Number of protein chains: 2
Amino acid sequence: MAVVKRIDHVAVLVDDLEKTLAFWRDGLGIQMSHLEDVAAEKSMVAFLPVGTSEIELVKPTTDDSGLSRYLEKRGPGMHHICLEVDDIEGMLENLKQHGVQLINETPVTGSGGKRYAFIHPKSANGVMVELYELPA
Amino acid sequence: MAVVKRIDHVAVLVDDLEKTLAFWRDGLGIQMSHLEDVAAEKSMVAFLPVGTSEIELVKPTTDDSGLSRYLEKRGPGMHHICLEVDDIEGMLENLKQHGVQLINETPVTGSGGKRYAFIHPKSANGVMVELYELPA
């Protein structure tokens, strides 16, 4: 059976990247590994590794994306948790068998060849959960 | 300088523990290590280890706690992220020097001798952050 290996990242939606970095980087001392303009998500993302996971600070760069609307509606804060799995198709199949509603029924291929899928928060107690399978 | 070592846990506030476990345990296949009645928090907590971190499912057991009021107001979902640090006093001092507002100015000693402190979400971009120092 497919297995969850670890928390890959926790994504935090932010309205002011410099101010938020001042807390995570300067206050908590977590160094930023890189800053990336993720065109597909219409966002600027700061990656801050913590142990075997990362904090991702996500700042929408346009006003017309799902993320910017979410930010407008709910304000800044935790947005989703991403879990690394060893077999994303197997995991999605098992979730479907348990009646879990998926946002992505099949994996989407993202940057670096990693494949991901989102689970609908309705099926996850209000939590937006992303699954990752990293390329071998 | 004090260092953040890893994500210790992500806490999820739930209104129906069995239904939520059906997703995390049966759907995602994450085994529950234990279930604990945490009297100090007026909550029942299910612990689900994932890699070097845990998902904690927190169900308030009374109607008069801060957690139950939060659940009533905001609904179920992610509640806070807990980071393990190597020196909690040093970290709190550094945060104060950066003007970060703390809920606990000095560490609180919890079960098993671990010491913890919460940072105010106002200073952390809407995220409730808990710091842990585990006993040596």
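Chain letters run A, B, ... following the sequence lines, proteins first and then strands; every chain starts at 1. This one's a predicted model, so the numbers in the text were calculated from it and none came from an experiment.
With a 4.5 angstrom heavy-atom cutoff, Leu57(B) does not touch chain A via any of its atoms. At a 4.5 Å heavy-atom cutoff, the contact between Asp15(B) and chain A is made by backbone and side-chain atoms alike. Val14(A) touches chain B through backbone and side chain together, each having a heavy atom under 4.5 Å away. In this structure, chain B has heavy atoms under 4.5 Å from both the backbone and the side chain of Ile81(A). Of the atoms belonging to Met1(B), it is side-chain heavy atoms, and not backbone ones, that fall under 4.5 Å from chain A. When heavy atoms are compared at a cutoff of 4.5 Å, Ile7(B) approaches chain A by way of both its backbone and its side chain. Within the 4.5 angstrom heavy-atom criterion, only side-chain atoms of Val129(B), from C-beta onward, approach chain A.
Pairing each heavy atom of Leu28(B) with each of Met91(A), the nearest pair is O-CE, 3.4 Å. Across every non-hydrogen atom of Ala124(B) and Phe23(A), the tightest pair is CB-CE2, 3.4 Å. Among all heavy-atom pairs drawn from Val10(A) and Val10(B), the shortest one is CG2-CG2, 4.0 Å.
With rounding to the nearest 0.5 Å, the separation of CZ in Arg25(B) from NE2 in His98(A) is 9.0 Å.
At a threshold of 4.5 Å between side-chain heavy atoms, the hydrophobic network of Ile, Leu, Val, Met, Phe, Trp and Tyr places Leu48(B) and Val45(B) in two separate groups. Residues Leu83(B) and Met32(A) fall within the same hydrophobic cluster, defined by Ile, Leu, Val, Met, Phe, Trp and Tyr side chains chained together at heavy-atom separations under 4.5 Å. Cluster membership for Trp24(A) and Leu92(B), using ILVMFWY side-chain heavy atoms within less than 4.5 angstrom, is shared. Under the 4.5 Å side-chain heavy-atom criterion for ILVMFWY residues, no single connected hydrophobic cluster contains both Val58(A) and Val50(A). Residues Met44(A) and Leu13(A) are members of separate hydrophobic clusters, defined by side-chain heavy-atom contacts under 4.5 angstrom among Ile, Leu, Val, Met, Phe, Trp and Tyr.
Per-residue heavy-atom pair counts under 4.5 Å with chain A were compared for Arg6(B), Lys19(B), Met78(B), and the maximum is reached by Met78(B). Comparing Gly51(B), Pro49(B), Pro76(B) by how many heavy-atom pairs each has under 4.5 Å with chain A, the most go to Pro76(B). Ranked by heavy-atom pairs shorter than 4.5 Å toward chain B, the options Leu131(A), Leu95(A), Val100(A), Val3(A) are led by Leu95(A). Considering only heavy-atom pairs separated by less than 4.5 Å from chain A, the leading option among Thr52(B), Ile55(B), Asn94(B) is Asn94(B). No other option in Ser123(B), Gly29(B), Gly75(B) has as many heavy-atom pairs under 4.5 Å with chain A as Ser123(B).
For the pair Asn125(B) (side chain) and Val12(A) (backbone), a donor-acceptor distance under 3.5 Å is absent.
Annotation for Asp63(B): atom CG does not count as buried by contact number, only 12 or fewer foreign heavy atoms lying within 6.0 Å. Residue-environment remark: CD (Glu72(A)) stays at or below the threshold of 12 foreign heavy atoms within 6.0 Å.
In the hydrophobic clustering (ILVMFWY side chains linked at under 4.5 Å, chained through shared members), Tyr116(B) is joined by Ile103(B), Val108(B), Phe118(B), Met128(B), Tyr132(B), Leu134(B).
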